[in-house]
Amino acid sequence: MEITENKEYIITIDSVSSDGSGVGHINGLTVFIPLAVTGDTVQVIITKLKKHYAYGRIIKIIKPSSWRTAEKCPHSEKCGGCQLSHINYDCQLKIKKEIIENSMRRIGGFDKFRLDGITGMDTPYHYRNKTIFKIGNKDENNNICGFYERKSHNIVPIEDCIIGSKLNRTINKAVIDYMNNCNVSAYNEKTHKGTIRHIFTRVSFSTNEFMVVISANAYTLPNKDYLIANLKNISNKITGVILNVNTKKNTPLLGKKNIVLWGKGTITDTICGIQFYISPESFFQINPIQTEKLYNKAIEYANITHDMTVMDIYCGIGTISLCAAKYAKKVIGIEIVEKAISDAKKNAELNNIKNTEFYADSAENIVPELLEQNIKPDIVILDPPRKGSDETTLSAIIKAQPKRIVYISCNSATLARDSRYIADSGYTISKAHGFDLFPHTIHAETIILFEK
Ligand code: SAH
């Protein structure tokens, strides 16, 4: 049977790919179908045909898989935020475990690799401590807030989100009400005109403090007292309202300047008993409940004693370094973003931790340099970004011969590549576990312990 674009076919789905699409086959050709899941029989239209694979879109679900859930997010079909919310949570975990294990086997060549489990959430909803809603409008008098549609910059109107804070709905309503009543326009990406760009909220799970940041193409907000009164009315958990000045075209989500309109400019949260100051731009793990479980596992795998030096590479604001400090003689944190390192130093001071040292530089520059200066880490913890580590950093670590290497990864493909390098240099994988930090999305974290 010849396969043609824009033609319809019936397919049975046999797995889920690492981008969350269902995978099926027509005459041996692999077809990726968003929102389909293992066990579905679906009628699809082929939307794009390549030499060795194709993409399809569901026209009709002929026989739904038992993996589907009745409690899916009402926006799951359009919103680009989550890829798995149509799948029941236990099956989401099964899919993530399989993706990690497959990468380690296929890319890393660890034929017998298995995670000893994957830790999910008891309640996999409203887990995010940070949410960023986009503001736009359908027409001049119809301001909306929501998220980008899958693979587009159209905004899907969404007041509430199953993974964000429950307070968001009323906050979003209050901001839209302010815009409508005080004639404040929505920012338009194409024309670079208009004022309000995003509603950005951060909440502390330990203190309940809630920060509302309005990102705007402006240095002041008209009738700001109306907005503040609207927000203060919602809950006494709201401890600060901040204007983030974001006047540049095509910028990241936040501009550099924050103006506190009311209340406090930071919130404080606690992970593993350590306090962290969080400002609008601070990097902070977005799922504190699961992060604590992940860090505890890192500490368990590292098995640090008081005579040991620990190196925490890709340390962000020093969260793992500060959690590890009480078990170690010394912890050295390394991170490329200078602001993150200044936050790490501030957080060490806030917690009265005196045995940490932080360096703002790229791992590939500073790790070989430090290791040549007679610093001998007993334990190395690595938590790199999605692209993984690199040979310069890894070979310097291997040369230093630490007792244990604990590798935390958010991308199983680069983890598998780097694991092969570490294993070929004389270390063995002794333990491995998965953590779901991002329920309903395709992302998962893996932690691996390498020992000599
Ligand atoms: N361990 C931290 C952050 C992990 S995210 C935590 O748990 O919160 C990965 C971090 O690596 C980011 O903070 C990123 O800024 C940093 N990073 C990216 N490339 C880097 C490089 N080449 N050298 C050092 N740090 C880098």
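Just so you know, ligand 1 is whichever comes first in the structure, and atom 1 is the first atom listed for that ligand. Side chains are part of it too, since the values below use all heavy atoms of this structure and drop only hydrogens, waters and symmetry mates. Predicted, not measured: the structure shown is a model, and the values here were computed from it.
Protein heavy atom closest to atom 23 (N) of ligand 1, with residue, atom name and distance, is Ala363 N, 2.8 Å. The protein heavy-atom contact nearest to atom 22 (N) of ligand 1 is Glu364 OE1, 3.1 Å. Among all protein heavy atoms, the one lying closest to atom 11 (O) of ligand 1 is Tyr314 CB, 3.4 Å. With hydrogens left out, the protein atom closest to atom 12 (C) of ligand 1 is Glu335 OE1, 3.4 Å, a heavy atom.
Within the 4.0 Å heavy-atom criterion, both parts of Asp383, backbone and side chain, lie near ligand 1. Of all the heavy atoms of Cys315, the ones lying under 4.0 Å from any atom of ligand 1 belong exclusively to the backbone. Heavy atoms from both the backbone and the side chain of Ile336 come within less than 4.0 Å of ligand 1. No part of Phe284 comes within 4.0 Å of ligand 1, judged by heavy-atom distances.
Those atoms of ligand 1 that come under 4.0 Å of a heavy atom in Thr319, given as number and element, are 6 (C), 7 (O), 8 (O). Ligand 1 places these atoms under 4.0 Å from at least one heavy atom of Pro385: 9 (C), 11 (O), 18 (C), 19 (N). Close approach of ligand 1 to Gly316 (heavy-atom distance below 4.0 Å) involves ligand atoms 2 (C), 3 (C), 13 (O). For ligand 1, the atoms closer than 4.0 angstrom to any heavy atom of Phe283 are 3 (C), 8 (O). The distance from ligand 1 to the heavy atoms of Tyr295 drops below 4.0 Å at these ligand atoms: 6 (C), 7 (O), 8 (O). Of all atoms in ligand 1, listed by their number and element, those nearer than 4.0 Å to a heavy atom of Val337 are 15 (O).
Stacking of Lys134 on the aromatic ring of Tyr148 is recorded, both the 6.0 Å distance cut-off and the 45° axial limit being met.
Separation of the His192 and Tyr187 ring centroids falls under the 6.0 Å cut-off. Annotation: His440 is not in aromatic contact with Phe438 [ring centroid separation under 6.0 Å not met].
Heavy atoms from other residues, nucleotides or ligands lying under 6.0 Å from OH of Tyr421 number more than 12. Within 6.0 Å of atom CD in Glu338, 12 or fewer heavy atoms from other residues, nucleotides or ligands are found, so the atom counts as exposed in its surroundings. Surrounding NZ of Lys264 are more than 12 heavy atoms belonging to other residues, nucleotides or ligands, all under 6.0 Å away. Atom CD of Glu77 has 12 or fewer neighbouring heavy atoms from other residues, nucleotides or ligands inside a 6.0 Å radius.
Test Asp378, Ile381, Leu370, Ile379 against Met311 for side-chain contact (heavy atoms from CB on, under 4.5 Å) and you get one pass: Leu370.
Considering every non-hydrogen atom in both Ala325 and Ile353, the closest pair reads CB-CG2, 3.6 Å.
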